Amino acid sequence: MENPLPLLDDNHFELVHILIKMAVSLKSSGSFCSTPPQWLHSTRDRILYGYSHSNAKECTCKKTKRPAPLCVKATSTKVELDFNDPSWKQKFQEDWDKRFNLPRITDIYDLKPRPTTFSLKKNRSPAGDENGTPMDKWNGYVNSDDRALLKVIKYSSPNSAGAECIDPDCSWVEQWVHRAGPRKEIYYEPEEVKAAIVTCGGLCPGLNDVIRQIVFTLETYGVKNIVGIPFGYRGFFEKGLKEMPLSRHLVENINLAGGSFLGVSRGGAKTSEIVDSIQARRIDMLFVLGGNGTHAGANAIHEECRKRKLKVSVVAVPKTIDNDILLMDKTFGFDTAVEEAQRAINSAYIEARSAYHGIGLVKLMGRSSGFIAMHASLSSGQVDVCLIPEVPFTLDGEYGVLRHLEHLLKTKGFCVVCVAEAAGQIQLEARESRAYDLVILRSLQELLQKSGATDASGNVILSDIGVHMQQKIKMHFKDIGVPADVKYIDPTYMVRACRANASDAILCTVLGQNAVHGAFAGFSGITSCICNTHYVYLPITEVITAPKRVNPNSRMWHRCLTSTGQPDFH
Ligand SMILES: Nc1ncnc2c1ncn2[C@@H]1O[C@H](COP(=O)(O)OP(=O)(O)O)[C@@H](O)[C@H]1O
Ligand SMILES: O=P(O)(O)OC[C@H]1O[C@](O)(COP(=O)(O)O)[C@@H](O)[C@@H]1O
Ligand SMILES: [Mg+2]
């Protein structure tokens, strides 16, 4: 097949860089820096970015005509901040509060709450316990004004490792998000509630743990009508797929196995048909377990329910081994995937170590980010080269990976390479254009052909970087006449089909319970997650603007480099 993109030399490459920046600048209709920002995150109507000091004088804010580091357009309400204005921080925070405000069914309905039926003190009625102690003296509930801090590091300079700054001085700005948990007042009559659970996307360790906890918690509130929607969103409209009644008894042991008790699927999400089905089935609460695609779907369902004025709470729980959802510490399943992945790395190490000039090669999943590869490399401690999509690399040439492998065979006698599924193949997306995306585009051209094919959900189907590298390594050592024994391991589906490990099982338990508390509190269009070690609710809109990626300037990536000892490969 013909390469759709010509190979570019450095000058042309710069030119493409400039053209893309112009496109991004037009698309986001915000100010844009003429040199690549250190980090940038934007959507069509929102753009939030920071600059390194070295870039400080080089671009201009569209509205204020000040140098770009003095302005940031940070909100969906299009607030543009002028950092010379002494009240910029207050403006930022007001806007932040608006963005992170949780949508709730009372936004469209005038509903009166009722005292909760959720109590861990079994013998107390909402009116008071047998000793007359009123429920409101029991401090087991989360107050609606409780908040958790999203960021806790105060960077003293934008040049601090991994710094994420709002203004050029990297001032301390409080970014509060809503604390998750049971509220004293609820907006549903549990006896009348019909609750549904659906699991979408690819498999992930912990799906069954979350399903189980949602059922347990719903029953604790007094819900009797709980159903599972089979095979993802497809189960809402595909004829012949029947909803499954769920109870504590039925789901008691499902956490002992991996996979999803309800089944999963990709694609086929037609929001209006799904909402028709929700209406016809008289579902009041919908719990959606999935990744970024599923979250986008959940938000669309939430919006459509609002449009139709349906009293339905849509609450998501972030699932993906890729750990690629914004703002949260991690998604459930990620820890387990890393643990399994390091077993594959260990096997590759043993094979390589035991062979004459052995090269162990492991490919790990991650559709758009290298978190599993980075963490498995760190946890195993056996990796000499870790390649992730966020960091550019070349295979050939003086600074290429192959030359380094030669060096490792010569000095150490063997080596282990861990490559992330998307390494060298991240698509350039204008809305999240970063300096290194452009280099990745180049390495994509050098490394692989793009087929342009997508899966049923619209995710780009990547080329097999593992097989490609295996062939390249073999050919290279044959060409230079050095023996090399390459052993390639692809543990892909083994990594995600297993049951959750201990830390994921706890995470699933908390997130599942909190999802139910969120629905009873009347929230909708939210996700139940962990941020900065605390359990919180975030509006779905804030977590789906782009996939989360490894920050090459972060301490974690630097630690990975320290551990592998690899050089820059470009
Ligand atoms: N932008 C979107 N809007 C609505 N539904 C979506 C969107 N993207 C994906 N979906 C639906 O969400 C489900 C899961 O998406 P997928 O990308 O396969 O997995 P994941 O949610 O794990 O990322 C699929 O049924 C897909 O059709
Ligand atoms: O072969 P499948 O089922 O399409 O899944 C492949 C993808 O699933 C994942 O494991 C997880 O993806 P999701 O979280 O989007 O489901 C990716 O790492 C991988 O690219
Ligand atoms: Mg996904």
Side-chain angles (χ1 to χ4, degrees), residues 43-44 198-207 210 229-238 241 258-260 262-275 277 286 288-304 314 316-326 330-334 336-338 340-341 363-373 375-376 388-389 419-423 425-427 431 453-466 490-498 525 527 540-541 543-549:
T43 63
R44 206 170 308 204
V198 63
T199 57
C200 312
L203 282 186
C204 180
L207 281 166
V210 180
I229 305 296
F231 300 106
Y233 287 135
R234 187 176 294 275
F236 275 112
F237 52 82
E238 192 132 316
L241 291 180
S260 168
L262 304 176
V264 291
S265 72
R266 294 197 191 276
K270 292 175 205 136
T271 307
S272 60
E273 283 183 33
I274 292 173
V275 178
S277 172
L286 176 63
V288 185
L289 283 51
N292 31 30
T294 307
H295 274 64
N299 200 55
I301 294 169
H302 154 74
E303 292 291 350
E304 181 64 21
V314 182
V317 185
K319 157 245 77 158
T320 172
I321 58 165
D322 294 358
N323 195 31
D324 61 354
I325 307 188
L326 287 174
K330 59 182 176 180
T331 48
F332 77 78
F334 173 65
T336 311
V338 170
E340 285 302 307
K363 182 188 78 174
L364 296 175
M365 272 190 175
R367 189 196 296 293
S368 35
S369 54
F371 287 104
I372 303 181
H375 282 247
I388 61 171
V419 61
E421 176 186 10
Q425 339 182 38
I426 276 196
Q427 299 250 359
R431 67 193 169 91
T454 55
D455 69 12
S457 293
N459 300 307
V460 171
I461 297 175
L462 299 168
S463 305
D464 195 329
I465 180 77
D490 178 354
T492 292
Y493 294 109
M494 295 174 76
V495 158
R496 67 178 204 186
C498 47
T527 190
I540 294 178
T541 45
V543 304
I544 55 171
T545 52
K548 183 171 78 178
R549 300 231 154 102

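Note that this is a predicted model, so its numbers are computed, not measured. Numbering of ligands and ligand atoms starts at 1, following listing order.
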From atom 16 (P) of ligand 1, work out which of S265, A296, S457, G202 has a heavy atom at the shortest distance.
S457

Among all protein heavy atoms, pick out the one at the shortest distance from atom 23 (O) of ligand 1; state its residue, atom name and that distance to 0.1 Å.
N292 OD1, 3.0 Å

First locate atom OH of Y493, then atom CG of L203, and finally report the distance between them rounded to the nearest 0.5 Å.
9.5 Å

Looking at atom 10 (N) of ligand 1, what's its closest protein heavy atom, distance included?
G293 O, 3.3 Å

Heavy atoms only, cut-off 4.0 Å: how does K319 contact ligand 1, side chain, backbone, both, or neither?
side chain

What protein heavy atom sits nearest atom 17 (O) of ligand 1, and how far away is it?
N459 ND2, 3.0 Å

Return a yes/no value for G290: is any of its N or O atoms, backbone included, closer than 3.5 angstrom to an N or O of ligand 1?
no

Examine N292 and say whether one of its N/O/S atoms is closer to the Mg ion (ligand 3) than 2.8 Å.
yes

Quick test of your reading of the structure: of G232, C204, G267, C200, whose heavy atom lies closest to atom 25 (O) of ligand 1?
G267

Heavy-atom contacts with Y493 under 4.0 Å: which atoms of ligand 2 show up? List them by number with element.
1 (O), 2 (P)

Nearest heavy-atom neighbours spanning N292 and P547:
ND2-CB, 4.3 Å

Is T294 close to ligand 1, meaning an N/O of one under 3.5 Å from an N/O of the other?
yes

Considering only heavy atoms of G366, which atoms of ligand 2 have at least one such atom less than 4.0 Å away?
18 (O)

For atom 18 (O) of ligand 2, what's the nearest protein heavy atom and its distance?
D322 OD1, 2.6 Å

Do me a favour and list the nearest non-hydrogen protein atom to atom 20 (O) of ligand 2 with residue, atom name and distance?
E421 OE2, 2.8 Å

Give the residue, atom name and distance (to 0.1 Å) of the protein heavy atom nearest atom 14 (O) of ligand 2.
T320 OG1, 2.7 Å

For ligand 2, which atoms have a heavy atom of I321 less than 4.0 angstrom away?
10 (O)

Under 3.5 Å: donor-acceptor pair, side chain of T199, backbone of L262:
no

Nearest-0.5 Å distance, CG of residue D322 to CZ of residue R496:
9.0 Å

Return the closest protein heavy atom for atom 12 (O) of ligand 2 as residue, atom name and distance.
R367 NH2, 3.4 Å

Just jot down the ligand 2 atoms closer than 4.0 angstrom to any heavy atom of R496, in number order.
2 (P), 3 (O), 5 (O), 6 (C), 7 (C), 8 (O), 9 (C), 10 (O)

Look at the side chain of Y233 and the backbone N and O of V198, then say whether any donor-acceptor pair between them is shorter than 3.5 Å.
no

If you compare R234, R367, R266 by their heavy atoms, the one closest to atom 19 (O) of ligand 1 turns out to be R266

Please report which non-hydrogen protein atom sits nearest to atom 5 (N) of ligand 1, along with the residue it belongs to and the distance in Å to one decimal place.
G297 CA, 3.4 Å

Quick check on contacts: which atoms of ligand 2 are under 4.0 angstrom from a heavy atom of G202?
16 (O)

Heteroatom distance test (Y233, ligand 1): nitrogen or oxygen, under 3.5 angstrom:
no

Sub-4.0 Å heavy-atom contact, G291 with ligand 2
no

